[in-house]
Structure formats: structure tokens, C-alpha cells
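Below, chain A is the first sequence line, B the second, and so on; all start at residue 1.
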Number of protein chains: 2
Amino acid sequence: MANERKDYELHTLSVLVENRPGVLARIAGLFRRRGFNIESLSVSTTDDPTVSRMTIVVGGDDATIEQITKQLNKLIDVIKVQDHTGEDVVERELSLIKVSCEPEQRSEILNLVTIFRASIVDVGANTMMIEITGTEDKINAMLELLRPYGILEVARTGKVILARGSKTT
Amino acid sequence: MANERKDYELHTLSVLVENRPGVLARIAGLFRRRGFNIESLSVSTTDDPTVSRMTIVVGGDDATIEQITKQLNKLIDVIKVQDHTGEDVVERELSLIKVSCEPEQRSEILNLVTIFRASIVDVGANTMMIEITGTEDKINAMLELLRPYGILEVARTGKVILARGSKTT
């Protein structure tokens with residue numbers, strides 16, 4: 001029923017976990033059993049080498065996300081789970097984008113790079129590689145503007161977020 | 001035996017997969033069964049919404065990495081696996097770092113930010129949040145220099161990589 005999904009939206013979860021083999025498999029297994037498709041995921045160590053931080057973007061309504069959060073909290077390797085939806089956070093992702101670029105097009109692309117405060121990290125005879133950071137929307141907007149030149153390859157990190165001010169996530 | 005691990009090193013694998021529920025669980029399960037600890041992982045959609053790209057950093061010697069690559073290739077959702085170790089690639093990751101910062105320390109931290117071509121994305125009464133992109137080594141160097149101020153929180157994306165020039169990964 002359409003009504004059931006009226007509050008379906010993308011949620012960003014920060015999950016602090018013990019940095020041990022198998023943690024990712026257990027968490028990914030939990031999401032699979034629930035039939036959730038993870039939209040994006042970043043896993044990396046924190047400043048404490050025994051702790052990793054996962055940032056998971058997943059779609060669902062409030063009730064199901066709450067359920068997922070509770071189940072994550074039950075896993076022994078999970079230290080803390082937080083749903084940042086609606087909070088005052090800084091969110092960023094990074095993307096490397098390789099586009100076709102004839103020499104006479106370089107200045108056009110350079111203009112786009114300047115407007116988006118991106119940077120050029122590699123230039124080939126007929127290619128350019130651009131590094132851009134920002135919100136998902138900003139990166140999508142850049143991709144749309146680059147599409148006419150011919151996008152050869154894209155690598156995106158998942159999103160990472162931290163709470164603003166002195167609050168910790 | 002120490003000898004067996006003489007060529008142990010971190011390998012970066014690009015894995016293109018079908019964007020379907022359960023893919024991550026199958027791949028994470030494969031790594032767990034082999035006892036590999038994933039160092040960092042990024043999963044995100046590519047320019048083709050049916051295809052996701054995983055960038056996996058994992059430690060091992062050449063023979064075991066080759067085995068992992070072969071086994072990944074056998075999974076039905078896996079489109080392509082590539083080990084980029086030793087190739088000419090651009091690699092980047094992004095980190096958000098929140099540090100303690102009294103007002104009189106702001107200019108010192110601003111200097112560091114300028115030197116590292118990082119940027120300040122949030123300022124609180126006694127905190128600053130910094131966004132930095134670069135190689136893992138660059139981000140680690142920045143963290144070491146910020147440590148004396150008091151690092152409150154760190155969120156890092158995993159690494160993403162693309163081959164230089166017209167070569168595609």
C-alpha cells in the first residue's frame with residue numbers, strides 16, 4: 001500500500017564497531033535478512049585503531065529503521081549506533097570522475113571545476129580526471145554537467161558525517 | 001613462519017558488482033571465511049545505477065590475494081575484479097576531523113589547514129571541523145599534527161582509486 005511507505009526516506013546511520021574480522025559480514029548479513037539494500041557504505045578505522053566507523057545510508061520508513069538500529073545494537077561487536085536523519089551534521093563524500101576531453105575542451109571543463117571548487121588530478125591526451133568533494137547533490141550536479149563530454153569512469157566514496165559544534169556523533 | 005609473510009602488503013581491489021540486495025553480505029562472507037580483515041571499504045553506485053563499485057583495501061601476500069580475486073570473480077553478482085597494486089592510479093580518501101580549539105588557537109589550526117589544502121567546514125565555541133582529502137599518508141600526517149589540540153572525532157571514507165590516463169579500472 002502506498003500509504004505504508006509514506007515516510008520512506010534515506011537514513012544515515014553511524015555505527016561504531018570493534019575492528020575485528022567478520023564484523024562487516026555480520027552487519028551485512030543483518031541487512032540482507034531484512035531485505036534492505038544499502039545505498040552507500042563507508043568503513044574505515046577511527047583515531048582508535050581498535051574501533052572502526054561505518055557510515056551506512058539505507059532507505060526505509062521510521063519504524064523499520066528503528067528496528068534495524070535496535071538489532072544492530074544487539075550485535076556484540078557494535079559499540080554504538082546513531083541515526084543522523086534530521087540532525088545538524090556536516091556530510092561529505094568524495095568522487096573521482098574521469099571524462100573524455102579533447103584539448104580544445106579543457107578550458108570549458110576547467111571552468112566547471114572552478115565553479116564547483118573541484119580539482120583536476122590527472123590529465124591525459126584525451127581525458128581529464130576530476131576530484132570533487134561535497135554533498136551527494138553537489139556531486140550529482142557536477143556529473144550531470146560533465147555527462148555531455150562523456151563520462152568514462154566514476155569512483156565515489158560513501159558518505160561520511162559528523163555532528164556540528166561540540167556534539168559528538 | 002616469518003618467511004611466508006615476506007610479501008604481505010595492502011592491496012586495493014576494485015570490484016564492480018550488480019547493485020542488488022545481498023551482494024555486500026556475500027562478499028563480506030567470502031572475506032570472513034578466508035579470515036581476511038578488510039582494512040577499508042567504500043561502496044557506492046557508479047554512473048550506471050544498476051552497478052556498484054566497491055573499493056576494498058585488504059592485507060595479504062600475492063598468492064592469497066590472487067585466490068581472493070579468483071573467488072570474487074566466481075560470485076554471480078561480481079562483474080569485474082581488479083587488483084591495482086603497483087599500477088599507476090590516483091587514490092584519494094576524505095576525512096572529517098573535529099578538534100578541540102580554543103579561540104586563541106584558531107589561527108594555528110588555520111595555518112595547518114592552509115598547508116594541507118584542507119578546509120574548515122564548521123566552527124564551534126571550542127571546536128573546529130576540518131575536511132581533508134588526499135592519500136592515506138597525507139591524512140595520517142594531518143591527524144598527527146592535530147593530535148596535540150585534542151581530536152574529538154574522526155570520520156574517514158575508505159579509499160577510492162581510478163587509473164591515470166585513458167586506461168579504465
Side-chain angles (χ1 to χ4, degrees), chain A residues 14 19-22 24-33 35-47 52-53 55 90 92-98 100 121-122 124-127 129 131 133 143 147 151-169, chain B residues 14 19-22 24-33 35-47 52-53 55 90 92-98 100 121-122 124-127 129 131 133 143 147 151-169:
Chain A
S14 273
N19 184 15
R20 280 202 284 255
L24 178 66
R26 279 189 285 279
I27 290 181
L30 176 63
F31 278 81
R32 179 180 52 180
R33 285 191 301 276
F36 285 104
N37 195 11
I38 294 173
E39 196 73 20
S40 89
L41 172 70
S42 286
V43 189
S44 201
T45 53
T46 60
D47 204 40
S52 291
R53 178 190 292 267
T55 309
V90 175
R92 287 289 185 279
E93 58 175 276
L94 178 147
S95 184
L96 294 173
I97 306 167
K98 193 189 285 181
S100 289
V121 289
D122 187 58
N126 309 93
T127 59
M129 198 195 303
E131 174 193 330
T133 66
L143 281 169
R147 200 174 303 283
I151 292 173
L152 299 172
E153 265 193 312
V154 179
R156 289 173 86 140
T157 67
K159 193 198 280 191
V160 287
I161 56 180
L162 285 184
R164 288 186 183 275
S166 58
K167 241 188 99 183
T168 54
T169 40
Chain B
S14 271
N19 185 15
R20 281 202 283 256
L24 179 66
R26 278 189 286 279
I27 289 180
L30 176 64
F31 278 81
R32 178 180 52 181
R33 286 192 300 277
F36 285 104
N37 196 12
I38 294 173
E39 196 73 20
S40 89
L41 172 70
S42 286
V43 189
S44 200
T45 52
T46 59
D47 203 42
S52 292
R53 178 191 292 266
T55 309
V90 174
R92 288 289 185 279
E93 57 175 277
L94 179 148
S95 184
L96 294 174
I97 306 167
K98 193 189 286 181
S100 290
V121 289
D122 187 59
N126 309 95
T127 59
M129 198 194 302
E131 174 194 331
T133 65
L143 281 168
R147 201 174 303 283
I151 292 173
L152 299 172
E153 264 194 311
V154 178
R156 289 173 86 140
T157 67
K159 193 199 278 191
V160 287
I161 56 178
L162 285 184
R164 289 186 184 274
S166 56
K167 242 188 99 185
T168 55
T169 41

Is a side-chain donor or acceptor of Arg164(B) paired with a backbone partner of Asp122(A) at a separation under 3.5 angstrom? no
Chain A contact via Ile27(B) - which portion, at a heavy-atom distance below 4.5 Å: neither
Is chain B contacted by the side chain of Arg147(A), its backbone, both, or neither, given a heavy-atom distance below 4.5 Å? side chain
Minimum-distance pair of heavy atoms, taken over all atoms of Thr45(A) and Arg156(B): O-CD, 3.8 Å
Turns out that what part of Ser42(B) lies under 4.5 Å from chain A's heavy atoms comes down to both
Residue from Ala155(A), Gly124(A), Ser40(A) scoring the most non-hydrogen pairs under 4.5 Å with chain B is Ala155(A)
Closest heavy-atom pair and its distance - Thr133(A), Glu131(B): OG1-OE2, 2.6 Å
Leu24(A) side chain near Leu41(B) side chain, heavy-atom distance below 4.5 Å: yes
Tell me which of these, Thr46(A), Val121(A), Ile97(A), has more heavy-atom pairs under 4.5 Å with chain B than the rest. Val121(A)
Look up atom CG in Leu162(A) and atom NZ in Lys98(B), then write down how far apart they are to the nearest 0.5 Å. 6.0 Å
Minimal non-hydrogen separation, Thr157(A) against Ser44(B), with atom names: O-OG, 3.8 Å
By side chain to side chain donor-acceptor pair (under 3.5 Å), which residues pair with Glu39(B), not counting sequence neighbours? none
Please name the pair of heavy atoms, one in Asp47(B) and one in Val154(A), separated by the smallest distance, quoted to 0.1 Å. CB-CG2, 4.0 Å
With chain A, the option among Asn19(B), Val43(B), Leu30(B) that has the most non-hydrogen atom pairs under 4.5 Å is Val43(B)
Region of Leu96(B) in contact with chain A, defined by heavy-atom distances below 4.5 Å: both
Among Ala125(A), Pro21(A), Ser95(A), the residue with the most heavy-atom pairs under 4.5 Å to chain B is Pro21(A)
